[in-house]
Amino acid sequence: MTSTDRDLRLGWFVFFLGLAVSWLSFTLPMRGEFIESPGIFPGLMGLLLILFAVILIVRSLMKGGRIHAAQWVRSVIPFLTSPDHRPVILGIILPAVYIFGGIPVIGFYPATVLFLTVMFYLFVQRWRRWFLFLPIAVALTGLLYLIFNILFQLQIR
């Protein structure tokens, strides 16, 4: 597979990711004016993803990139089983579980402590003392509480 084919594949992935981010963020409930909406920043970032994806797709098509459907299917299993891609896959799955599972089920603050502890354990290679992860996660979550609930007076649940 050539680099232009990979760029084309990546461009389409980023394009659909940008569509999903924009759609989800602009469907958030608005507070007051449109510019004060909580989804304005993620929506704009989604639009930037779409823009850059279109540029990447056009560039790769101009260089001769093609979509090979059979190669896409054959490349999924090696991608998912490769140890080199494990951090990328965990970096997508763990935040999704945190956002869509942890926060609605156990609440923002306990889910954040759990999420940060797991992320520190899996991704921070310099600290191999696992007993440091929990106090640091609790301290960071406490800092989030102080900043948002006390300073900005926003109720996060």
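- Within the structure, side chain to side chain donor-acceptor pair (under 3.5 Å) pairs that include any residue of residues 88-100 comprise Y98-T112 (at least two apart or interchain).
- Rounding to the nearest 0.5 angstrom, the gap separating the CG atom in L61 from the CG atom in L56 is 9.5 Å.
- For I99, the side chain to side chain contact (heavy atoms under 4.5 Å, CB included) criterion is met by no residue, not counting sequence neighbours.
- Of all heavy-atom pairs spanning F120 and L140, the tightest one is CZ-CD1, 3.7 Å.
- L24 and I92 are assigned to two separate hydrophobic clusters, defined by single-linkage of ILVMFWY side chains at heavy-atom distances under 4.5 Å.
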Under 3.5 Å, which donor-acceptor pairs link side chains of residues 13-22 to any protein atom two or more places apart or in another chain?
residue : atom : partner : partner atom : Å
S22     : OG   : G18     : O            : 3.0
S22     : OG   : G43     : O            : 3.4
S22     : OG   : L47     : N            : 3.2

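- With rounding to the nearest 0.5 angstrom, the OG1 atom of T141 is 10.0 Å from the CG atom of L114.
- M45 and I55 fall within a single hydrophobic cluster, where Ile, Leu, Val, Met, Phe, Trp and Tyr side chains are chained together by heavy-atom contacts under 4.5 Å.
- The minimum heavy-atom distance linking G101 with V105 is given by the pair O-CG2, 3.0 Å.
- In this structure, the side chain to side chain contact (heavy atoms under 4.5 Å, CB included) partners of I93, at least two apart in sequence or on a different chain, are I89, V97.
- Taken to the nearest 0.5 Å, the CD1 atom of I147 stands 4.0 Å off from the CG atom of L143.
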